[in-house]
Amino acid sequence: MTHTHTHTHTLVVAFVVAFVAVGVSAQTPVLNVPPPTPAAWPDGKGPIADNFLQDKLVTDAWAYVQSVVPAEVLNIAPSTAQGGATTKYNADAAANCYWPSGLCTRTNGTTYYQADISTCPGANQWGLTYDDGPTVVDAIDNGNDTPDIRAGLKTAGLKATFFVVGNQALSFGDELVNVEKDGNEIGVHTWTHSPLTSLTNQQIVGEIKYTESIIYQRIQKLPTLFRPPYGDV
């Protein structure tokens, strides 16, 4: 959790847009807000196991996604994960504008997503962000864990957005609370840090909803920001 980004990049996935869609019909399945607490939490090994996808936290959200996301989007063939950030795209990478494939960005918005923001609006207008935590390394003071980052931000008089991994938030809940108490923003960075395009639709929903739920349990606030691991959308 040590890297920063000096530019913003709005990576909107139709699966995620569905969670904040408005103006749907009365027949649309209800999305529970705040998210319910699941019966159990998955471990950090991806992808999330099928039995955890049967929890009401996921099944209700998946029903909602199916009701608002076009079938042509839901039917895009998953990629093949090849380790770390490397994926083999089995669908047309250019047509689907996969960001890791040539850093593709969408210059025009549609009904289902906004245009990407890939440049800063002006000089010194950028956001400081950290991914993959929270982490706490008590035995080794290497300057790379979340408490050290928080201390550095305080010294510099800065705030940041922390995109957290759900299983890390489960393990280090007190540190997540400290991040929020310091005035920083908390965003979703999935539960297992798996490349999203390599997952099934249900697994993607699970990655987001379990992380959203643990964040809410810890800080009593709903995250409004999402960043896909490796920019893989």
Side-chain angles (χ1 to χ4, degrees), residues 10-69 73-74 112-114 129-134 146 161-181 184-197 199-229 232-233:
T10 304
L11 295 165
V12 182
V13 192
F15 311 126
V16 181
V17 173
F19 287 91
V20 294
V22 294
V24 294
S25 69
Q27 288 74 40
T28 301
V30 174
L31 185 65
N32 294 307
V33 178
T37 302
W41 302 101
D43 61 25
K45 299 177 181 178
I48 293 175
D50 288 346
N51 59 304
F52 288 101
L53 302 181
Q54 305 311 310
D55 192 282
K56 185 176 177 62
L57 170 71
V58 179
T59 57
D60 284 358
W62 170 229
Y64 183 82
V65 168
Q66 289 177 289
S67 72
V68 297
V69 177
V73 174
L74 296 178
Y112 303 108
Y113 55 80
Q114 297 176 347
T129 68
Y130 296 91
D131 295 356
D132 303 349
T146 306
T161 300
F162 288 72
F163 288 96
V164 303
V165 174
N167 72 81
Q168 290 290 109
L170 179 65
S171 298
F172 302 111
D174 290 345
E175 186 55 29
L176 183 67
V177 171
N178 291 335
V179 170
E180 194 275 331
K181 282 185 176 179
N184 301 293
E185 189 80 21
I186 306 293
V188 170
H189 198 44
T190 74
W191 188 266
T192 69
H193 205 271
S194 299
L196 284 189
T197 66
L199 305 180
T200 67
N201 295 326
Q202 293 95 321
Q203 288 169 338
I204 292 172
V205 171
E207 291 278 349
I208 294 171
K209 294 304 289 185
Y210 274 105
T211 307
E212 181 186 74
S213 183
I214 192 62
I215 291 172
Y216 184 79
Q217 300 306 317
R218 292 293 189 253
I219 67 172
Q220 295 298 294
K221 291 182 180 180
L222 280 174
T224 60
L225 301 174
F226 167 75
R227 171 174 284 165
D232 185 44
V233 291

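Please read these numbers as outputs of a predicted model, since none were measured by experiment. Sequence positions, counted from 1, serve as the residue numbers for this chain.
Contact record, Leu74 with Asn201: O-ND2, 2.9 Å, taken as the closest heavy-atom pair. Considering every non-hydrogen atom in both Thr146 and Pro134, the closest pair reads OG1-CA, 3.4 Å. Closest approach of Pro229 to Leu196, counting heavy atoms only: CD-CG, 4.3 Å. Taking every heavy atom of both residues into account, Asp55 and Tyr210 meet most closely at CB-OH, 3.4 Å. Shown here for Ile214 and Gly166, the closest heavy-atom pair between the two residues is CG2-O, 3.9 Å.
For Ser171, there are no side-chain contact (heavy atoms from CB on, under 4.5 Å) partners two or more places apart in sequence or in a different chain.
Atom CG in Asn184 sits 6.5 Å away from atom CD1 in Ile186 (nearest 0.5 Å). From Ile208, atom CD1 reaches atom CG of Leu57 across 11.5 Å, with rounding to the nearest 0.5 Å. In this structure, CG in Leu53 is found 6.5 Å from OG1 in Thr200, a value given to the nearest 0.5 Å. Taking CG from Leu199 and CD1 from Ile204, the interatomic distance works out to 5.5 Å, rounded to the nearest 0.5 Å. Here NZ of Lys181 is found 11.5 Å from CD1 of Ile219. Values are rounded to the nearest 0.5 Å. Between atom CD of residue Gln168 and atom CH2 of residue Trp191 there is a gap of 10.0 Å, rounded to the nearest 0.5 Å.
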Name the atoms and distances for all side-chain donor-acceptor pairs under 3.5 Å in residues 33-51, with sequence neighbours left out.
residue, atom, partner, partner atom, Å
Thr37, OG1, Gln217, OE1, 3.2
Thr37, OG1, Gln217, NE2, 2.8
Asp43, OD1, Lys45, N, 3.0

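In terms of modelled atom types and a separation under 3.5 Å, the side chain of Arg218 and the main chain of Phe172 share no donor-acceptor contact. Distance alone, capped at 3.5 Å, is enough to place a donor-acceptor pair between the Glu207 side chain and the Thr192 backbone. In this structure, Gln220 contributes its side chain and Tyr216 its backbone to a donor-acceptor pair below 3.5 Å.
For the side chain to side chain contact (heavy atoms under 4.5 Å, CB included) with Asp60, the lone residue among Val30, Val205, Asn32 that qualifies is Asn32. For the side chain to side chain donor-acceptor pair (under 3.5 Å) with His189, the qualifying choice from Asp132, Thr211, Thr129 is Asp132, the only one to do so.
The side-chain heavy atoms of Glu180 and Leu176, taken from C-beta on, include no pair separated by under 4.5 Å. When side chains are defined from C-beta on, Asp131 counts as touching Arg227, because their heavy atoms get closer than 4.5 Å. Side-chain contact between Val188 and Val164 is absent, with no heavy atoms from C-beta onward closer than 4.5 Å.
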